[in-house]
Each structure stands twice: as C-alpha cells, then as structure tokens.
Amino acid sequence: MRKVLRSGKILLLALLIVLTALPVLSAEAALKRGSRGDDVTAVQKKLKQWGYYDGAVDGIYGYATERAVRWFQQKNGLTVDGVVGPQTAAAMGLNLSSTVSGTTKPATGDVYLLAQCIYSEARGEPYKGQVAVGAVVLNRVKSSAFPNSISGVIYQRGAFSAVDDGQINLQPNDSALKAAKDAMNGWDPTGGCLYYYNPAKTTNRWIKSRPIVVRIGNHVFCK
C-alpha cells in the first residue's frame, strides 16, 4: 500500500513539474530567421504599418524581416538581435504562440522558378553568391530595361545560358530554394547589380566592359 501511495506521489509531482513548465515554454516562444506562420505575418504587418518593413507580407521570416526587426528594436531601446521574443513582441503589441514553425514549406510559382535559375546558374557557388544571382533577377524585374516579371526576365532571349542549354529545368536543391526566398525577402549582396558573369568562361566583350561592383565566388557582378 505504501508503494502505491509513493508511486502516486511521484506521478503527481511529475505532473506538477510539467504543468509548471508550460508557461515557461510559452514565454520562450520566439520568431527568428527561418520561422514561418501567422505570427510572422502579424509581425510583418506591424512593421510595414510603421514603416520599418517594405517587403512581402508572406509569413516567411527572411533577411528583410530580420533587418526590419533589428531596426525596430534599435529605435525602441530593445536588445538588437533580430529575434522577436517576448519583449519585442510586447513592444509590438503582439502575443506569440507557444510554438513557432521552422519547417520548410514547399516552394511554388515565382520562388520555385527563381530557385531553378539559381541552381542552374550558381549551384557551385557559395551561398551568398547564390542569393546574389537571385537578386540580379529581381533587380531586372524592377528595371524598366527588362521584363517586369520573374519568368519574363529568366526566359528573355539570350539572358541566361541555363535556359539555352536546358539546365533551367533541373530540380533545385534546398540551398537554392533558401537563396531564392532570401533574395525575394530583400537580401541583395550585389547592391543593385543587373548583370553577372564568370570571367574565366565569358568571352562577351560588352559584358566585360561593364563596371564591376563586387566579386562573389567565381562570379563578378556589375551594373
């Protein structure tokens, strides 16, 4: 009988410990780069409303969202870490969920096509160089000198060798997909460049005459 009572006390104590820990878990919920979901959307809406964020309200915590959060934290006397924890969330007037998704959702549409371009053009390049290739595509979309859509830019006649040789149809890997999302969320390692090339492979004299802005991996980026 004593053993039964002792076992019951142990189970009750364990249950109390678990219940006590639940609020702590909720309090420690945080949004950071790579997070996804409704909480991220709410953060983006707030930051956009206040002028800190000018990217897409897509529920994806990418580079642009992190940058906006850092700016908000700096302006409001918070710890500048780019993470929306309890204090930053409170300053925004938000209540975070106790769990935050960090899983990768399947990419579709423009994100997937951009990832295909990145993978086929720069799969051997460092990650920053992959994001840079995606940024060039997006910079062209913004420029009046190029088509005004991602598909239009990528499939413009003679624009990308990967389209000409069919490599554009290869399935992108996780790195290319992540690079595409980072580029679409505002990360531009090129500083607004419209062109890039590999000096070891390119024979085009015109492209080589363009002023070089930055070199990342085997590619040089120019305007």
Side-chain angles (χ1 to χ4, degrees), residues 33-34 44 48 53-58 60-68 70-71 82 104 107-223:
R33 194 165 172 177
Q44 290 173 331
K48 200 175 188 74
Y53 179 66
D54 61 0
V57 179
D58 54 8
I60 302 173
Y61 202 116
Y63 173 79
T65 303
E66 182 184 87
R67 182 177 57 189
R70 287 180 179 275
W71 187 12
T104 302
T108 57
D110 284 345
V111 175
Y112 191 81
L113 178 57
L114 185 60
Q116 284 182 297
C117 183
I118 292 170
Y119 181 72
S120 58
E121 288 276 323
R123 59 182 175 274
E125 297 298 306
Y127 182 72
K128 184 177 180 181
Q130 293 178 37
V131 177
V133 167
V136 166
V137 174
L138 296 176
N139 289 338
R140 290 187 181 186
V141 173
K142 298 173 187 176
S143 171
S144 60
F146 294 89
N148 62 358
S149 68
I150 289 176
S151 60
V153 166
I154 290 175
Y155 287 107
Q156 186 177 25
R157 189 183 182 100
F160 295 96
S161 60
V163 174
D164 296 335
D165 63 21
Q167 291 192 61
I168 189 67
N169 298 312
L170 295 174
Q171 181 177 348
N173 59 11
D174 290 341
S175 178
L177 287 165
K178 186 173 183 294
K181 292 170 184 174
D182 274 341
M184 293 190 76
N185 274 298
W187 185 12
D188 183 1
T190 76
C193 286
L194 295 172
Y195 307 96
Y196 67 89
Y197 63 92
N198 185 333
K201 297 180 179 179
T202 299
T203 59
N204 187 300
R205 295 176 66 180
W206 180 85
I207 193 69
K208 286 187 174 183
S209 71
R210 308 298 298 177
I212 296 173
V213 175
V214 65
R215 178 165 189 153
I216 306 173
N218 295 311
H219 286 144
V220 294
F221 295 82
C222 47
K223 293 187 176 181

Passing candidate, side-chain contact (heavy atoms from CB on, under 4.5 Å) with Ile118, options Glu125, Arg123, Gln130
Gln130
Check: Lys178 main-chain N/O paired with Tyr127 side-chain donor or acceptor under 3.5 Å
yes
Do side-chain atoms of Lys223 reach the backbone of Gly191 as a donor and acceptor pair under 3.5 angstrom?
yes
Heavy-atom pair with the smallest gap, counting every atom of Ile216 and Pro126
CG2-CG, 4.3 Å
Do Phe160 and Glu121 come close enough that some side-chain heavy atom pair is under 4.5 Å?
yes
Does a side-chain heavy-atom distance below 4.5 Å link Ile154 with Leu113?
yes
What is the minimum heavy-atom distance between Gly158 and Asp164, and which atoms define it?
CA-OD2, 4.3 Å
CA sep, side-chain torsions, deciding dist, call: Gln116, Asn169, side chain to side chain donor-acceptor pair (under 3.5 Å)
CA-CA 7 Å; Gln116 284 182 297; Asn169 298 312; 5.1 Å; no
Looking just at side-chain N and O atoms, do Thr202 and Asn204 make a donor-acceptor pair shorter than 3.5 Å?
no
Before we go on, tell me: are the rings of Trp206 and Tyr197 under 6.0 Å apart, centre to centre?
no
Nearest atoms (heavy-atom pairs only) where Met184 meets Asp110
CE-CB, 4.2 Å
SG of Cys193 to NE2 of His219, rounded to nearest 0.5 Å, is 13.0 Å
pair Ser149-Val141: side-chain heavy atoms closer than 4.5 Å:
no
With the side chain counted from C-beta on, respond yes when Tyr119 and Gln167 share a heavy-atom pair under 4.5 Å apart, and no when they do not.
no
Could you go through the side chain to side chain contact (heavy atoms under 4.5 Å, CB included) check for Tyr53 and Asn185 one step at a time?
CA-CA 10 Å; Tyr53 179 66; Asn185 274 298; 3.9 Å; yes
May I ask you to test the Val136-Tyr195 pair for a side-chain heavy-atom distance under 4.5 Å?
no
Phe146 side chain near Leu194 side chain, heavy-atom distance below 4.5 Å
yes
Using side-chain heavy atoms (C-beta onward) and a distance below 4.5 Å, is Trp187 in contact with Arg67?
no
Please name the pair of heavy atoms, one in Ala132 and one in Thr190, separated by the smallest distance, quoted to 0.1 Å.
CB-CG2, 3.6 Å
Is it true that, when you exclude Lys208 itself, more than 12 heavy atoms of the residues, nucleotides or ligands shown sit nearer than 6.0 Å to its NZ?
yes
So, for Ala183 and Leu114, which heavy atoms are closest and what is the spacing to 0.1 Å?
CB-CD2, 4.5 Å
What's the verdict on side chain to side chain contact (heavy atoms under 4.5 Å, CB included) for Arg33 and Asp182, showing C-alpha distance, side-chain angles and the deciding distance?
CA-CA 10 Å; Arg33 194 165 172 177; Asp182 274 341; 3.1 Å; yes
Does the side chain of Val133 reach to within under 4.5 Å of the side chain of Tyr196, using non-hydrogen atoms?
yes
Would you please test Tyr112 and Leu177 for side chain to side chain contact (heavy atoms under 4.5 Å, CB included) and show each step?
CA-CA 7 Å; Tyr112 191 81; Leu177 287 165; 4.1 Å; yes
Considering all heavy atoms, the nearest Cys222-Arg210 contact
SG-CB, 3.6 Å
Would the distance check show the side chain of Asp188 and the main-chain N or O of Ala135 forming a donor-acceptor pair, the cut-off being under 3.5 Å?
no
Supply the atom-to-atom distance Ser143 OG to Asn148 CG, rounded to the nearest 0.5 angstrom.
11.0 Å
